[in-house]
Amino acid sequence: MRLATWNVNSIRTRADRVIDWLERADVDVLAMQETKCTDAQFPMMPFAALGYEVAHVGLNQWNGVAIASRVGLDDVEIGFEGQPTWSSKPEEEATAEARALGATCGGVRVWSLYVPNGRTLADPHYAYKLDWLAALRNTAAGWLKEDPEQPIALVGDWNIAPKDEDVWDMAAFKGSTHVSEPERAAFQAMHDAQFTDVVRPFTEGPGIYTYWDYTQLAFQKRRGMRIDFILGSPGLASRVTGAEIVKDERRPKKGTTAPSDHAPVVVELA
DNA sequence: ATGGTCGTTAAACGA
């Protein structure tokens, strides 16, 4: 089974590229983030035509997560237990809930996650991000307590660069989110709860990124960040036989829309 | 050059 995650930065704009890649990549389950549309606006038809079922949650032009699967899509769950909401305003609460979607696909529990960006260290969104990650860790640890063997994949855009080598220049990120000690501690806490990065062992080294800013010719200048991850429970990690970051999908192509600013990340399971 | 590029939706604002 091949499982992938991709922050698509609008599925309506990107459907042609996502579908084109799905046809070529032999991916069984694709988790998407930043779909940027409502459930009614999600372009279901091209996925169905390829044999994929899709679950999606999105209530406006921000956030939105989805899971497309051709190996079954059961027990769909919007949000995880204890997931913090951003605001008391109803429409923004809904936005917060559109950051996590769970489903069981081919016997694997898959969560498509769009971790809050945090904006700046002083912004209330930063505290929200840390709260969100703490709640995820606690809830996910609870799942493993119930059944330590179950294969669970926590995949998506974590908006954290865990290591210095995961950004193109640490000096450029001084005082910024994504590299702060509390964010990195939150990422490590997932590992302490036995959810480990199953892609890193197959994609080691500096200069291996999953995201490149649209501005300043960042992709061409190789100025990227590694912020998209697949974390696996022990029952999932033991089945991993390979992984890749599909950098080519970040490349601009003639005759089609702009690429997402993120590349897909794929893991192969026995 | 205190910008640059994308996406949303129609003037900013978020990433």
Side-chain angles (χ1 to χ4, degrees), chain A residues 5-21 31-43 56-66 84-87 89 91-100 112-130 132-133 156-162 166-169 171-180 183 187 209-229 247-265:
Chain A
T5 181
W6 197 358
N7 179 323
V8 296
N9 186 21
S10 170
I11 190 59
R12 285 177 292 171
T13 295
R14 212 73 60 213
D16 57 345
R17 293 189 65 128
V18 173
I19 291 298
D20 177 66
W21 180 68
M32 288 165 271
Q33 301 85 37
E34 283 203 77
T35 56
K36 292 190 172 176
C37 65
T38 64
D39 295 347
Q41 291 170 323
F42 192 99
H56 175 260
V57 58
L59 292 109
N60 51 39
Q61 69 269 45
W62 297 288
N63 309 331
V65 286
T85 50
W86 161 243
S87 165
K89 290 187 198 168
E91 67 272 19
E92 292 188 349
E93 264 182 41
T95 301
E97 289 164 1
R99 291 179 178 276
S112 181
L113 304 171
Y114 179 47
V115 175
N117 177 284
R119 301 188 180 180
T120 67
L121 298 185
D123 196 293
H125 282 89
Y126 178 71
Y128 166 55
K129 179 182 194 173
L130 295 178
W132 202 96
L133 288 162
D157 178 354
W158 292 75
N159 273 316
I160 301 171
D166 296 336
V167 298
W168 57 275
D169 179 12
F173 286 84
K174 191 174 166 62
S176 300
T177 59
H178 295 64
V179 299
S180 75
E183 288 166 280
F187 192 75
Y209 307 130
T210 65
Y211 162 86
W212 295 260
D213 196 285
Y214 279 128
T215 67
Q216 297 177 280
L217 299 172
F219 183 72
Q220 291 85 336
K221 293 178 179 173
R222 299 174 181 162
R223 295 178 174 179
M225 304 171 74
R226 188 198 283 241
I227 56 176
D228 299 87
F229 298 97
K247 187 180 173 183
D248 197 53
E249 291 304 314
R250 175 61 179 82
R251 209 174 299 283
K253 284 182 201 167
K254 284 185 176 151
T256 187
T257 48
S260 169
D261 42 5
H262 295 250
V265 180

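Chain A is the first sequence line, chain B the second, and so forth, proteins listed ahead of strands; every chain is numbered from 1. Hydrogens, waters and symmetry mates are skipped; everything else that's a heavy atom, side chains included, is used.
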Colleague: For A:R251 and B:dT5, what is the distance between atoms CZ and C1' respectively, to the nearest whole Å?
Modeller: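 One finds 18 Å between C1' of B:dT5 and CZ of A:R251, rounded.
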Colleague: With sequence neighbours left out, write down each residue that passes side-chain contact (heavy atoms from CB on, under 4.5 Å) with A:T256, or none if nothing qualifies.
Modeller: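 So A:T256 forms a side-chain contact (heavy atoms from CB on, under 4.5 Å) with A:D16, A:R17, A:K253.
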Colleague: Not counting sequence neighbours, which residues clear ring pair (Phe, Tyr, Trp, His ring centres under 6.0 Å) with A:Y114? List them please.
Modeller: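 Listed in chain order: nothing, the list is empty.
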Colleague: Taking only residues two or more places apart in sequence or in another chain, which ones pass ring pair (Phe, Tyr, Trp, His ring centres under 6.0 Å) with A:Y214?
Modeller: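 Residues passing ring pair (Phe, Tyr, Trp, His ring centres under 6.0 Å) with A:Y214: none at all.
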Colleague: In the structure I gave you, are the side-chain heavy atoms of A:P116 and A:N159 within less than 4.5 Å of one another anywhere?
Modeller: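 No; the side chains remain at least 4.5 Å from each other.
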Colleague: What N/O pairs connect the protein and nucleotides 13-15 of chain B at under 3.5 Å? Give each pair on its own line.
Modeller:
residue, atom, partner, partner atom, Å
B:dA15, OP2, A:R119, NE, 3.1

Colleague: What is the distance, rounded to the nearest whole Å, between atom CZ of A:R223 and atom C1' of B:dT5?
Modeller: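 About 15 Å, once rounded to whole Å.
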Colleague: Who passes side-chain hydrogen bond (donor to acceptor under 3.5 Å, both in side chains) against A:R222, sequence neighbours left out?
Modeller: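 A:R222 satisfies side-chain hydrogen bond (donor to acceptor under 3.5 Å, both in side chains) with no residue once adjacent residues are dropped.
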Colleague: Could you pull out all residues at least two apart from A:Y211 that satisfy side-chain hydrogen bond (donor to acceptor under 3.5 Å, both in side chains)?
Modeller: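 side-chain hydrogen bond (donor to acceptor under 3.5 Å, both in side chains) check on A:Y211 returns A:D213.
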Colleague: What is the distance, rounded to the nearest whole Å, between atom CD of A:Q41 and atom P of B:dG7?
Modeller: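 For the pair A:Q41 CD and B:dG7 P, the rounded distance is 15 Å.
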Colleague: For B:dA10 versus B:dA1, give the span between their P atoms, rounded off to a whole number of Å.
Modeller: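 Rounded to whole Å, the distance is 36 Å.
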Colleague: Could you give the distance separating B:dG4 and B:dC13 at their P atoms, to the nearest angstrom?
Modeller: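 Per the computed distance, 15 Å lies between those P atoms.
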Colleague: Closer to the 5' end of DNA chain B via nearest nucleotide, is it A:Q216 or A:T13?
Modeller: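 Between the two, 5'-proximity favours A:Q216.
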